[in-house]
Amino acid sequence: MPIYEYRCRGCMHEFELLVLGRRTPACTSCESEDLEKLISLPRVHSESRKGRSLAAAKKRDATLGSERMRAQREYELSHND
């Protein structure tokens, strides 16, 4: 079942839609059927891209973890019973 990308000619909204059979798609924003089918770009997954994505995610998670630890410590200090 193909997923296509469309742009509504009426409101210029871009969206992806799973098209079943010969069903005529409609805009998810304004429900117009005056759509332009866009050319989908292939998703490229290489080892170097995967490595960069993984490194960025680890860095983001480390930053969030230290912020959460700091917030927890501040909470504990301010609620000293």
Participant: If every non-hydrogen atom of R23 is compared with every non-hydrogen atom of L18, which pair is closest and at what distance?
Facilitator: NH2-O, 3.5 Å
Participant: Do L35 and R9 have side-chain heavy atoms sitting under 4.5 Å apart?
Facilitator: no
Participant: Which atom pairs, one a donor and one an acceptor, fall under 3.5 Å between side chains of residues 53-61 and the rest of the protein, sequence neighbours left out?
Facilitator:
unit_1, atom_1, unit_2, atom_2, d
S53, OG, R49, O, 3.1

Participant: Strictly by side-chain hydrogen bond (donor to acceptor under 3.5 Å, both in side chains), give each pair with a member in residues 64-74 just once, sequence neighbours left out.
Facilitator: Q72-E76
Participant: Check whether any side-chain heavy atom of S32 sits under 4.5 Å from a side-chain heavy atom of C11, and report yes or no.
Facilitator: no
Participant: Would Y6 and M12 show up in the same hydrophobic cluster when neighbours are defined by side-chain heavy atoms closer than 4.5 Å?
Facilitator: no
Participant: Quick one: list whatever passes salt bridge (Lys or Arg N to Asp or Glu O under 4.0 Å) with E36, sequence neighbours left out.
Facilitator: R7
Participant: Can you find a heavy atom in the side chain of T28 that is under 4.5 Å from one in the side chain of F15?
Facilitator: yes
Participant: How far does CD of E5 sit from CG of L17, to the nearest 0.5 angstrom?
Facilitator: 11.0 Å
Participant: Do you know the tightest heavy-atom contact between P25 and E33?
Facilitator: O-CG, 3.7 Å
